[in-house]
Colleague: 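Would you mind keeping the following structure in view while I ask a few things?
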Amino acid sequence: MKRTRSQAGGGTAYPWETRWGLAGARVVELGAPGAARVGAGSGIAQAAHALVRAAARELLTTGTYGTPADGLAHGELNTLLGRD
C-alpha cells in the first residue's frame, strides 16, 4: 500500500506516487505538495486503442480513412523515438 505524505509526516494527503486523472488535479498541482512521481496509468493506451477502433470502424463502414488525420507524421514519430 502506498503511504501518503500525511501518513509519513509530510502534512499533505497526496500520495508519494499518484496516478494522474484519478486524483482530479493537474500534474503541477500534485507536484507542489510533494508527489514524487505521477503516472498516467493506462489512460494514454486506452485513448490510442479507441483511435484504432474508430479507424477500423471507419474503414469497415464507409471505406474511408480520415480518422487518423491528426496523427503524427512518420518523421515526427521517428524523432520522438530517437530514430532520425
Side-chain angles (χ1 to χ4, degrees):
M1 183 173 153
K2 295 177 183 172
R3 295 186 311 162
T4 65
R5 281 285 196 192
S6 60
Q7 292 168 334
T12 70
Y14 288 112
W16 290 8
E17 299 178 19
T18 189
R19 287 186 55 199
W20 173 64
L22 295 180
R26 296 182 331 140
V27 172
V28 69
E29 293 167 344
L30 296 171
R37 184 170 54 188
V38 178
S42 62
I44 294 171
Q46 289 172 332
H49 295 147
L51 177 64
V52 169
R53 180 181 61 197
R57 281 184 178 158
E58 180 183 352
L59 281 168
L60 293 171
T61 58
T62 66
T64 60
Y65 191 61
T67 300
D70 293 328
L72 294 175
H74 185 73
E76 184 178 359
L77 183 57
N78 280 343
T79 299
L80 288 172
L81 297 173
R83 297 180 180 175
D84 53 331

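Keep in mind the model is a prediction, meaning the values are calculated, not measured.
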Colleague: Test of understanding: with side-chain contact (heavy atoms from CB on, under 4.5 Å), list the residues that count as partners of T62, not counting sequence neighbours.
Modeller: E58, T64

Colleague: Would a hydrophobic clustering, with Ile, Leu, Val, Met, Phe, Trp and Tyr connected at side-chain separations under 4.5 Å, put L60 with Y65?
Modeller: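 No, L60 and Y65 fall in different hydrophobic clusters.
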
Colleague: As an exercise, state the distance from OG1 of T79 to NE2 of H74, rounded to the nearest 0.5 Å.
Modeller: 10.0 Å

